[in-house]
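Beneath this line is the structure, given in structure tokens, with notes to follow.
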Amino acid sequence: QVPLVESGGGMVQAGGSLRLSCAGSGRTFRFYTMGWFRQAPGKEREFVAQISWDSELSEYADSVEGRFTISRDNAKNTLYLQMISLKPEDTAIYYCARSNQYGSRRTAGFDTWGQGTQVTVSS
């Protein structure tokens, strides 16, 4: 069983919106910090947002603050990323990931990754 599976990516015009989902498996999903990262062509994978296991804490990269919202539904084992006011520079493959700790923005701080979902924003 694949631990994390992203969905919801697609093509959208600048200014548009998308909601990404990440389905987790198993009964331990609720105990982990969850995060979203993205990787554009030719660039390193970068932090987008993360949320604590109980949704009490969340933080965002400066580039998406105020436009993206991370949330989770532990009863459904699902993580979300609501994206509005999308820009061409948001174009990337978006990955969800799992961590044992809250606060790290480094990819090394996350031990399980999904396969990614493509988001393309046209100008």
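For R105, the side chain to side chain contact (heavy atoms under 4.5 Å, CB included) criterion is met by F47, Q50, E59, not counting sequence neighbours. The ring-ring contact (aromatic ring centres under 6.0 Å, His included) check on W113 picks up F37, with sequence neighbours excluded. Shown here are the side chain to side chain contact (heavy atoms under 4.5 Å, CB included) partners of V119, two or more places apart in sequence or in another chain: L18, L20, M83, Y94, V121.
T91 places no side-chain N or O within 3.5 Å of a backbone atom of E89 that could act as its donor or acceptor partner. Of the possible donor and acceptor atoms, one in the side chain of E6 sits under 3.5 Å from a partner among the backbone N and O of G116. With T117 contributing its side chain and G9 its backbone, the two residues share a donor-acceptor pair below 3.5 Å.
T112 is listed as a side-chain neighbour of L4, based on a closest heavy-atom distance under 4.5 Å. Contact of the C22 side chain with the W36 side chain is registered, since non-hydrogen atoms from C-beta on lie closer than 4.5 Å. Considering only heavy atoms from C-beta on, F110 stays 4.5 Å or farther from R98 through its side chain. Counting heavy atoms from C-beta outward, Q118 and M11 have side chains that stay 4.5 Å or more apart. Put simply, the side chain of W53 does not reach to within 4.5 Å of the side chain of M34, judged on heavy atoms.
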Exercise for review: Dump the intermediate steps for salt bridge (Lys or Arg N to Asp or Glu O under 4.0 Å) on D90 and R38, then the final yes or no.
Suggested key: CA-CA 9 Å; D90 294 319; R38 67 186 183 186; 2.9 Å; yes

Under the side chain to side chain contact (heavy atoms under 4.5 Å, CB included) rule, what do Y32 and L79 come out as? Steps first, then yes or no, please. CA-CA 11 Å; Y32 290 95; L79 174 74; over 6 Å; no

Would you sort out whether Y95 and R45 count as a side chain to side chain contact (heavy atoms under 4.5 Å, CB included), showing the intermediate values?
CA-CA 9 Å; Y95 299 88; R45 193 168 299 189; 3.4 Å; yes

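With values rounded to the nearest 0.5 angstrom, D73 atom CG is found 9.5 Å from R30 atom CZ. In this structure, SG on C96 lies 7.5 Å from CD on Q115, to the nearest 0.5 angstrom. To the nearest 0.5 angstrom, F31 atom CZ is 9.0 Å from N74 atom CG.
A49 and L81 get closest at one heavy-atom pair: CB-CD1, 4.5 Å. In terms of heavy atoms, E56 sits closest to S52 at N-OG, 3.2 Å. The minimum heavy-atom distance between A92 and A40, with the atom names listed, is CB-N, 3.8 Å. The heavy-atom pair separating S17 from S85 by the smallest distance is OG-N, 4.4 Å. Across all their heavy atoms, S104 and G109 have their closest contact at OG-CA, 3.8 Å.
When each of I51, V48, I70 is tested with Y60 by the rule side-chain contact (heavy atoms from CB on, under 4.5 Å), just one qualifies, namely I70.
Taken together through direct or relayed side-chain contacts under 4.5 Å among Ile, Leu, Val, Met, Phe, Trp and Tyr, Y80 and F68 form parts of separate hydrophobic clusters.
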